[in-house]
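Single-structure report; data block below.
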Amino acid sequence: MKKMISILLVLMLALGMAGSVLAEDAAAQTPKYVFMFIGDGMGSPQITATQYYVGALENEDSTLPVSADLSFTTFKNIGIMTTYDATSFCPDSASTATSMASGEKTLSGVINYNIDKTESFKLITEYAKEAGKKVGVISSVSINHATPAAYYAKVESRNEYYDIAVQGLTGNTIDFIGGGNWNKPTGDGTQKDLYEIAAENGFNVVNTNEGIRTLTADAGKTLAVVPDHQDSYSMQFEIDRQRKVAEGADSMALSEIVSAAITNLDNENGFFLMAEGGKIDWSCHANDAMTSIYDTIALSDAVQVAIDFAAEHPDDTLIIVTADHETGGLTIGFAATAYDTHFEYLQNQSMSYVDFDSEIGKMRDEGTGYESALETIEKYYGLTTKEGSDITMTSDEVTRIQEAYNLSMIPKSARALDANAMLTYGGYEPLSMAVSHVLNNKAGIAFTSYAHTGLLIPVYATGVGAEQFAGSYDNTNVFDKTMAAMGLTE
Ligand SMILES: [Zn+2]
């Protein structure tokens, strides 16, 4: 019997059929290439909303809701994890990324230090480096923001942006870092420029789209930042990037940074690459559902690049896709629409709250009247006062928009928002929030918070060692499972 099986195996190998069979029987096998994707704030509601949105667009005539697949939602190994930290069961990005990068719990705001801030932790990237792999870190937000920082730095506070960057640039962990730019590139304004420090430490500094797209493995240690950064040195929101590209601009997608990193990092010992879709979180803080859906699609596209790579290296690749926590308390279902949802209404929106804030700034500077403001809202969100549209505003909604418009036209320094207004608008530009809330609610979705929540978070995995990630566990176990999959011990 044994002999027959080995003959069969030899036959299958000869036929090139053994890849998937062997991968399933790969207990002793470890992945040469490890991809860790983190959608910041991408809980189950964000993924579900994106699946139904894409499904609604692809199946206009369907009488039933259709949930479309994203690149990673078809992965066979699915887990669910707790994300609480030492401060709260609504944790932050610093403590949760620490848990996944080092296997330890800590306080909100702390990166890779223990609760007493007396001891630092050893990172998965450091173990990977010791095992001979190259290490890449990518984020669509600034690359010294909490999540990417947790994969190369150890600081008592996530706000130590400059120190985080210096640790990354002067340490031995990073071979590729890219996406958004450095936040606080000259620290307090007088410190040495981080791009200068990068060059001094042997980094090939690339800051053009063409330069990033044509990166090679020969380029060596690389810092690759997009030239057209948006708020807080981040990459563009995907919804804005697509609009700007349609208008003729060139702007890079997260997937292109992942491609560039793979080309740059590929070597005979393999690599560990963490890539973060960081603005899913930012848009959900701002209750901007359509923008978070676009950024979830951008992350799905980035994962697709890894899936395509894995297809060429099926016995050598592990892909993990998860989030650090949910943001915004997003729900599918809203009181006023009861059991109805209309995801297709969201496609009327073509601008993120950040770019719309800029439009509001122009209105304020130019003294734009309410009627013209309504025209701008209709242009970028589809919401109208004209009768007969699917998203014609009710009189209550018009009142909400007008109240927010009145507040937004007061210069920021002169605004005195009472506690109620702070709760209504979460400290954001009132008109942006009102417009998002009205459109979200018409679509049958809503947010309950401007902050993080304590929901369980799904984990999707495929490839060598992926079976480790099925089941129910804690976020610290993501570290343990990744170590085990890689055959590494502490
Ligand atoms: Zn986060």
Side-chain angles (χ1 to χ4, degrees), residues 36-47 49-50 80-102 104-112 123-124 137-153 155 157-161 164 179-180 183 231-235 237-238 254 274-289 291-293 295-296 298-299 302 320-330 354 426 428 447-460 474-476 478-479:
M36 174 78 192
F37 288 95
I38 300 177
D40 201 306
M42 186 181 74
S44 166
Q46 283 73 11
I47 296 167
T50 305
I80 190 139
M81 66 179 182
T82 46
T83 65
Y84 67 90
D85 71 10
T87 302
S88 168
F89 81 94
C90 300
D92 87 326
S93 301
S95 60
T96 51
T98 292
S99 291
M100 292 191 282
S102 71
E104 304 284 349
K105 291 282 184 194
T106 192
L107 303 164
S108 292
V110 175
I111 294 176
N112 293 320
L123 313 180
I124 186 89
V137 174
I138 293 173
S139 180
S140 62
V141 300
S142 52
I143 47 182
N144 46 352
H145 211 261
T147 307
Y151 284 84
Y152 65 84
V155 285
S157 164
R158 61 182 287 173
N159 297 325
E160 296 168 35
Y161 288 107
I164 288 168
N183 191 8
D231 51 330
S232 300
Y233 298 93
S234 65
M235 292 173 69
F237 275 115
E238 180 67 7
L254 184 61
M274 192 291 292
E276 184 203 25
K279 296 187 91 173
I280 299 167
D281 174 72
W282 292 14
S283 47
C284 287
H285 274 289
N287 292 183
D288 185 342
T291 297
S292 82
I293 287 172
D295 265 58
T296 303
L299 182 74
I320 307 153
V321 182
T322 187
D324 49 354
H325 51 76
E326 194 274 345
T327 303
L330 178 63
V354 164
Y428 288 92
F447 289 88
T448 62
S449 175
Y450 290 101
H452 302 166
T453 68
L455 291 182
L456 294 171
I457 293 297
V459 184
Y460 302 83
D474 182 61
N475 61 0
T476 51
V478 170
F479 167 84

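Counting begins at 1 with the first residue of the sequence. Counting convention: from 1, in listed order, for ligands and their atoms alike.
For a distance threshold of 2.8 Å, the protein N, O or S atoms nearer than that to the Zn ion (ligand 1), listed by chain and number, are Asp40 OD1, Asp40 OD2, Ser93 OG, Asp324 OD2, His325 NE2.
Put simply, the side chain of Ser99 never gets that close to the backbone of Thr476: no donor and acceptor are under 3.5 Å apart.
A side-chain N or O of Thr327 and one of Asp281 form a donor-acceptor pair less than 3.5 Å apart. When only modelled atom types and interatomic distance are considered, Asp92 and Ser95 share a side-chain donor-acceptor pair under 3.5 Å.
Applying the side-chain contact (heavy atoms from CB on, under 4.5 Å) criterion to Ser93, with sequence neighbours excluded, gives Asp40, Ala146, Thr147, Arg158, Asp324, His325, His452. Under the rule for a ring pair (Phe, Tyr, Trp, His ring centres under 6.0 Å), the partners of Phe237 that lie at least two apart in sequence or sit in another chain are Tyr353. Residues passing the salt bridge (charged side-chain N to carboxylate O under 4.0 Å, His left out) test with Glu238, sequence neighbours excluded: Arg241.
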